[in-house]
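Everything below concerns the one structure shown next.
Sequence positions, counted from 1, serve as the residue numbers for this chain. In what follows, every heavy atom counts, from backbone to side chain, and hydrogens, waters and symmetry copies are set aside. Just so it is clear, the model here is predicted, and its values are computed rather than measured.
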Amino acid sequence: MARVGLTPDRLVRAGAELADEIGFEQVTASELARRFGVKVASLYSHVRNTQDLRTRIALFALEEMADRAADAVAGRAGKDALVAFANVYRDYEREHPGRAAAARTPLDPETAAASAGPRHAQMTRAILRGYDLAEPDATHAVRLLGSVFHGYSSLESAGGFRHSAPDSEETWNRILDALDSLLRNWPTEPTS
């Protein structure tokens, strides 16, 4: 074990890289042990099992995305902040599809509360303050933005928009324009 220098951090980073290469659902303790050329038992002093490994990769991805988003939106407001934030999600999906999938993994409530997930929500709410949305509309808007950012990025990454014009980049920019317009003109009364 000492000769390969296994640590929890090294295993999680290698697991995240593996997820990007073969897909998050394919990451197992066995697959990671093969990558390091060790027996699976060698990993178990650092991670409990495959589920623990996957949870740690999810937490790593959430943290990595939150750090990128914080850097991207620093000093920005309104549409500029919205676009910068959205582009972090899209770019992350393009660069790290396995990690992005990990970040969407459902976590138990305690783990989720201790993760970077709340940072994502706080940044989204900070962006929405520029649009002057009160509750419960701010929560609706957080859910809408998350759905659009993750949904579009996932579909695009899976090749869903390669088969027709216009170009996906044009659509993405139109979506961001539409979201900005919607947020500036949020409906005041629920429609029934």
Side-chain angles (χ1 to χ4, degrees), residues 19-20 24 55 57-192:
D20 289 338
F24 180 64
T55 298
I57 294 168
L59 295 172
F60 173 79
L62 285 167
E63 188 75 31
E64 195 171 55
M65 289 174 64
D67 290 345
R68 286 184 181 197
D71 289 344
V73 301
R76 297 176 188 257
K79 185 178 179 186
D80 287 342
L82 176 69
V83 169
F85 192 69
N87 284 334
V88 165
Y89 283 88
R90 185 176 182 220
D91 292 346
Y92 196 80
E93 179 80 39
R94 289 170 159 179
E95 295 169 29
H96 302 294
R99 295 177 204 194
R104 294 187 295 272
T105 299
L107 301 171
D108 67 76
E110 186 177 312
T111 303
S115 77
R119 281 181 61 205
H120 291 264
Q122 289 167 352
M123 282 185 276
T124 307
R125 288 180 182 281
I127 290 166
L128 291 174
R129 280 196 291 275
Y131 291 97
D132 201 29
L133 295 179
E135 286 299 341
D137 292 326
T139 297
H140 297 314
V142 167
R143 292 172 180 169
L144 170 69
L145 294 178
S147 298
V148 172
F149 300 161
H150 288 294
Y152 191 88
S153 298
S154 297
L155 290 169
E156 182 182 45
S157 179
F161 307 129
R162 290 186 191 142
H163 309 294
S164 63
D167 180 70
S168 182
E169 187 70 27
E170 183 180 339
T171 302
W172 179 249
N173 291 326
R174 294 293 304 265
I175 286 170
L176 296 178
D177 288 343
L179 286 173
D180 175 62
S181 179
L182 170 64
L183 293 170
R184 283 187 283 108
N185 299 289
W186 193 265
T188 54
E189 295 293 320
T191 56
S192 302

Leu179 and Phe149: side-chain contact (heavy atoms from CB on, under 4.5 Å), yes or no, with the steps? CA-CA 11 Å; Leu179 286 173; Phe149 300 161; 3.9 Å; yes
I'd like to know whether Leu107 forms a side-chain contact (heavy atoms from CB on, under 4.5 Å) with Thr55, so could you lay out the CA-CA distance, the side-chain angles of the two residues, the decisive distance to 0.1 Å, and finally the verdict. CA-CA 7 Å; Leu107 301 171; Thr55 298; 4.1 Å; yes
Worked check of side-chain contact (heavy atoms from CB on, under 4.5 Å) between Arg119 and Glu63: CA-CA 9 Å; Arg119 281 181 61 205; Glu63 188 75 31; 2.9 Å; yes
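Contact record, Asp20 with Pro97: OD1-N, 3.5 Å, taken as the closest heavy-atom pair. For the residue pair Ala58 and Ala102, the shortest heavy atom distance occurs at CB-O, 3.2 Å. When all heavy atoms are compared, the tightest approach of Ala141 to Leu183 is CB-CD2, 3.9 Å. Scanning both residues, Arg99 and Ala61, for their nearest heavy atoms gives O-CB, 3.3 Å. Between Ser115 and Leu59 the shortest heavy-atom distance is CB-CD2, 3.4 Å. Residue Leu128 comes nearest to Ala138 through the heavy atom pair CD1-O, 3.6 Å, listed as atom of the first residue, atom of the second, then distance.
A distance of 8.5 Å separates OG1 in Thr105 from CG in Leu62, rounded to the nearest 0.5 Å. From Asp91, atom CG reaches atom NE2 of His96 across 10.0 Å, with rounding to the nearest 0.5 Å. The structure places CG of Asp137 at 11.5 Å from CG of Leu144, a figure rounded to the nearest 0.5 Å. With values rounded to the nearest 0.5 angstrom, Thr171 atom OG1 is found 11.0 Å from Leu176 atom CG. One finds the CD atom of Glu64 at 9.0 Å from the CD atom of Glu95 (value rounded to the nearest 0.5 Å). Here CG of Asp71 is found 7.0 Å from CG of Asp67. Values are rounded to the nearest 0.5 Å.
A heavy-atom distance below 4.5 Å is not found between the side chains of Ile127 and Leu145. Annotation: side chain of Ser168 is in contact with side chain of Arg90 (closest heavy-atom distance under 4.5 Å). Phe24 has its side chain out of reach of Arg104: every pair of non-hydrogen atoms, C-beta onward, lies at least 4.5 Å apart.
Glu110 CD: 12 or fewer foreign heavy atoms inside a 6.0 Å radius.
The backbone N or O of Ser154 sits nowhere less than 3.5 Å from a side-chain atom of Ser157 that would complete a donor-acceptor pair. In this structure, the side chain of Ser153 does not engage the main chain of His150 through any donor-acceptor pair within 3.5 Å.
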Side-chain donor-acceptor pairs under 3.5 Å in residues 75-88, sequence neighbours left out?
unit_1 : atom_1 : unit_2 : atom_2 : d
Arg76  : NE     : Ala72  : O      : 2.8
Lys79  : NZ     : Asp177 : OD1    : 2.4
Asn87  : OD1    : Trp172 : NE1    : 2.7
Asn87  : ND2    : Val83  : O      : 3.3

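You'll find the ring centres of Tyr152 and Phe161 inside the 6.0 Å limit.
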